[in-house]
Amino acid sequence: MSDIISGRSGLFAFLLVVLVLIVSVVIKYVSVVTLTPAKVSTELEEIFCRVEGMGSISTIKVEFLKEWGEYRRSEECSEAVSASQTYSGNGFEGNSYIVTYADSIEFPGFPTFHREFRIEKPMRR
């Protein structure tokens, strides 16, 4: 038993590697499922705040599309927003703007987790 605690055992090293791998997968999963969509939503909100109150809803939509297009091409945007440029499904549905992007988790020894995300931000007047 003291060999396991002292780190001289191969079992201890194996368990440590497995623990680090599991923690890495959990951190990546939380990032993909929670943190990245929250960041995209925040980025959308920032652009909506820039164009809010510019007139009619159609004027606001046009200004939003200009600002959003410039933002997505800038270095400031997140990888998910940048990747959404080429992904179909982005645009207005009524008075809500939809951002669609795909993200995945790939770790050796685990099945690839691939998911499509859809972030919707309603436009306010």
Side-chain angles (χ1 to χ4, degrees):
M1 181 69 175
S2 64
D3 285 341
I4 292 175
I5 295 171
S6 69
R8 293 184 183 144
S9 169
L11 177 63
F12 178 74
F14 175 75
L15 291 176
L16 184 61
V17 168
V18 169
L19 178 66
V20 168
L21 183 61
I22 289 172
V23 168
S24 297
V25 169
V26 168
I27 289 171
K28 180 67 176 170
Y29 180 80
V30 168
S31 175
V32 165
V33 173
T34 305
L35 300 177
T36 303
K39 179 145 178 61
V40 171
S41 183
T42 301
E43 290 171 302
L44 271 173
E45 184 64 32
E46 287 174 10
I47 303 301
F48 271 129
C49 288
R50 289 185 199 172
V51 299
E52 198 171 39
M54 288 189 151
S56 70
I57 207 75
S58 16
T59 305
I60 292 172
K61 284 181 178 180
V62 168
E63 289 300 317
F64 171 79
L65 290 173
K66 286 180 190 176
E67 292 281 332
W68 185 247
E70 288 175 20
Y71 179 75
R72 287 195 317 187
R73 287 185 298 274
S74 74
E75 304 253 336
E76 300 172 15
C77 72
S78 65
E79 286 182 38
V81 169
S82 182
S84 74
Q85 291 182 50
T86 57
Y87 210 80
S88 64
N90 295 305
F92 279 102
E93 281 185 11
N95 289 334
S96 293
Y97 189 78
I98 311 297
V99 175
T100 307
Y101 68 95
D103 207 348
S104 62
I105 302 172
E106 298 174 15
F107 275 101
F110 289 92
T112 299
F113 172 81
H114 185 77
R115 186 166 168 195
E116 186 176 292
F117 292 88
R118 178 185 161 109
I119 311 295
E120 183 175 338
K121 213 51 164 164
M123 192 171 269
R124 301 181 301 263
R125 286 190 84 178

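This is a predicted model, so every value here is computed, not measured.
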Do the side chain of [X] and the main chain of [Y] share a donor and acceptor less than 3.5 angstrom apart?
X	Y	answer
Glu67	Arg50	no
Thr36	Ser31	yes
Ser41	Ala38	no
Ser82	Glu79	no

Shortest non-hydrogen contact from [X] toward [Y]:
X	Y	value
Leu44	Val99	CD1-CG2, 3.7 Å
Gly55	Ile60	O-CD1, 3.5 Å
Ser96	Glu120	OG-OE2, 3.5 Å
Ser104	Lys28	O-CE, 4.0 Å
Tyr101	Ser84	CB-CB, 4.2 Å
Lys39	Ser78	CE-CB, 3.8 Å

Following the transitive rule for hydrophobic clusters with a side-chain heavy-atom cut-off under 4.5 Å over Ile, Leu, Val, Met, Phe, Trp and Tyr, establish whether [X] and [Y] coincide in one cluster.
X	Y	answer
Phe48	Val62	no
Val81	Ile98	no
Ile27	Leu19	yes
Leu11	Val18	yes

Quick one: [atom1] on [X] to [atom2] on [Y], what's the gap to the nearest 0.5 Å?
X	Y	atom1	atom2	value
Arg72	Asn90	CZ	CG	5.5 Å
Arg73	Gln85	CZ	CD	7.0 Å
Ile57	Asn95	CD1	CG	4.5 Å
Tyr97	Lys61	OH	NZ	12.0 Å

Return the orientation label for the Phe64 and Phe92 ring planes: parallel under 30°, perpendicular over 60°, tilted otherwise. perpendicular
Start with the C-alpha distance between Val33 and Phe113, add both sets of side-chain angles, then the distance that settles side chain to side chain contact (heavy atoms under 4.5 Å, CB included), and finish with yes or no. CA-CA 11 Å; Val33 173; Phe113 172 81; 4.2 Å; yes
